[in-house]
2 protein chains.
Amino acid sequence: MSEYPVSYVAVDVVAFSIADGDLAVLLVERGVEPWRGSLALPGGFLRPEEDLLAAARRELWEETGVDEPVLEQLRSYGAPDRDPRARTVSVAHLAVLPEPVAPLAGTDAAGAAWHPVGGVRRDALAFDHGAVLDDAVERLASKLEYTALGTAFLPEEFTLAELRAVYETVWDRPLDPGNFQRKVRGAADWVVPTGEQRAATRGRPAALFRARKTGTEPLDAPLVRGTV
Amino acid sequence: MSEYPVSYVAVDVVAFSIADGDLAVLLVERGVEPWRGSLALPGGFLRPEEDLLAAARRELWEETGVDEPVLEQLRSYGAPDRDPRARTVSVAHLAVLPEPVAPLAGTDAAGAAWHPVGGVRRDALAFDHGAVLDDAVERLASKLEYTALGTAFLPEEFTLAELRAVYETVWDRPLDPGNFQRKVRGAADWVVPTGEQRAATRGRPAALFRARKTGTEPLDAPLVRGTV
DNA sequence: TTGTTTCGTGTCAAGTCCACAATTAATGTG
DNA sequence: CACATTAATTGTGGACTTGACACGAAACAA
């Protein structure tokens with residue numbers, strides 16, 4: 001075995017949430033070289049006895065304290081020169097956190113913070129994290145079409161208008177409230193009404209729902225981007 | 001850097017083709033321990049100056065001589081005990097080869113051969129390759145829905161009946177010839193008629209087509225499994 | 001010529017999509 | 001307290017899509 005080349009394997013996490021109506025991504029400021037001072041995705045090296053997903057969960061936990069995140073593998077990046085220190089392959093992961101956002105910062109490194117995705121300068125991110133972020137945004141948008149991932153942005157109980165706002169934010173396009181409602185309620189076993197209503201701010205109060213399918217479970221009736 | 005744990009990074013290839021009307025996967029017989037004598041996916045260790053995709057292309061080339069395959073990353077596998085020799089993370093790839101299948105064997109190891117996917121005993125494959133194969137089949141079936149990947153199974157010129165046979169094989173379900181034809185021709189810029197016809201074997205000769213979109217380019221009008 | 005086979009087009013009922021109108025249920029304002 | 005305003009739902013109808021199946025077209029074989 002020892003005649004084969006070894007590598008470092010890192011695990012990075014692209015964690016999304018919605019902050020102030022914008023899609024936001026969790027970034028840390030690097031405290032060590034290389035790229036000291038630059039923004040980067042939270043991540044670190046795979047430990048000897050750790051599964052890939054477990055490593056991603058640990059990294060996310062270190063920055064946010066979140067225990068059971070919606071988390072799945074995105075893809076791996078292995079350009080030979082992506083880390084100037086040594087040959088490093090990174091396995092990127094995609095996470096979605098509910099809006100009452102994670103404790104903003106500070107257990108580690110130089111602190112984590114949420115950044116609106118539209119305002120992040122891709123070429124200012126460390127390593128190839130700009131490309132990773134683009135891939136993650138694209139994947140997120142398409143996962144919303146055919147999985148129940150959208151509800152992962154919301155607290156346990158939510159209104160359909162809040163869910164619609166998630167879609168409008170990620171897809172960056174307005175959706176018809178009536179048609180959206182029909183589509184969502186038509187997807188078998190996705191959301192169930194609690195019977196309660198949200199205290200009205202303005203207008204007719206909305207019914208509260210709870211998700212029965214979560215994370216990346218597939219929907220039987222996809223919400224197609226460009227229609228809905 | 002040296003205080004961090006190192007790993008071996010392997011690249012595996014799940015190469016599909018169609019042989020005798022069955023979906024087939026390329027497997028090698030392992031010539032060394034562990035799993036000596038078992039069937040396994042073609043693969044090997046990432047070399048120091050090699051990109052992940054380049055490594056997968058090299059592994060596939062070593063077994064088949066194919067130069068410019070349709071090839072993309074599938075996902076990575078990193079369970080701590082997946083390789084008894086050492087901590088190894090494998091980046092699996094998905095390839096599709098045209099039917100006039102690759103030179104069957106023998107440059108390396110104990111020779112490669114095509115196996116009908118339905119007949120492969122998953123638990124007899126080396127490492128976690130049974131799970132990798134299942135993931136690849138699932139991914140392949142869904143890629144056929146919304147990308148132009150289907151034509152990668154066929155030679156440069158093909159009939160729509162041949163393309164339909166690809167779909168029927170991968171999805172394991174009969175499709176309506178008329179509706180299939182309309183769907184495919186309706187997808188913008190996917191296939192263009194050459195004007196030629198295939199010499200008839202039986203029945204009316206079929207028109208020949210050439211693919212304008214190939215590989216994993218998305219289709220504007222997806223062929224939804226369960227409909228078409 | 002007639003039958004057989006497969007390719008390709010036509011047809012139509014049923015269903016879905018989607019823009020927009022109507023209804024419902026709350027709040028805020030004179 | 002009417003009544004405008006806001007927002008959540010529900011209704012509607014025309015356009016489009018889907019899918020089962022019929023039909024016409026173009027070859028070969030007997």
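All chains are named by letter (A, B, ...) in the order of the sequence lines, taking the proteins before the strands, and each is independently numbered beginning at 1.
Summarising the geometry of A:Tyr167 relative to A:Leu144, their closest heavy-atom pair is OH-O, 2.9 Å, with the distance given to 0.1 Å. Between B:Val224 and B:Trp171 the shortest heavy-atom distance is C-CH2, 4.3 Å. The shortest heavy-atom contact between A:Ala211 and A:Phe158 is N-CE2, 3.7 Å.
Neither OP1 nor OP2 of D:dT17 sits under 4.0 Å from any side-chain N or O of B:Lys183. OP1 and OP2 of C:dC7 both lie 4.0 Å or more from every side-chain N or O belonging to B:Gln181.
Whole-Å rounding puts the B:Leu163 CG to C:dG8 C1' distance at 15 Å. Regarding B:Asn179, its CG atom lies at a distance of 14 Å from the P atom of C:dG10, rounded to whole Å. A:Leu223 places its CG atom 14 Å from the C1' atom of C:dT16, with the value rounded to the nearest Å. Here C:dG8 presents its P atom at 12 Å from CZ of B:Phe180, a figure rounded to the nearest Å. For the pair B:Leu208 CG and C:dC7 P, the computed distance is 12 Å after rounding to whole Å. When the P atom of D:dA8 is taken as reference, atom CG of A:Asp176 falls 12 Å away, rounded to whole Å. When rounded to the nearest whole Å, the span between CZ of A:Arg198 and P of C:dT27 equals 15 Å.
Taking OH of A:Tyr146 as the reference point, atom CG of A:Leu223 lies at 13.0 Å (rounded to 0.5 Å).
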Inset, instruction - Spell out protein contact along nucleotides 23-30 of chain D as letters: B when the base is contacted, S when just the sugar-phosphate is, - when no protein heavy atom is under 4.0 Å; keep the 5' to 3' order. - result: -BBBS---
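Remark: A:Asp134 engages A:Arg122 in a side-chain hydrogen bond (donor to acceptor under 3.5 Å, both in side chains) (not counting sequence neighbours). In terms of the side chain to side chain contact (heavy atoms under 4.5 Å, CB included) criterion, residue partners of B:Thr169 (sequence neighbours excluded) are, by chain and number, B:Ile18, B:Leu23.
When heavy atoms are screened at a 4.0 angstrom cut-off, B:Arg164 is found touching the sugar-phosphate backbone but no base atom.
Between the side chains of A:Tyr77 and A:Asp135, at least one donor N or O lies within less than 3.5 Å of an accepting N or O.
Along DNA chain D, the nucleotide nearest B:Arg182 and the nucleotide nearest A:Thr159 are compared for position; the residue whose nucleotide lies closer to the 5' end is A:Thr159.
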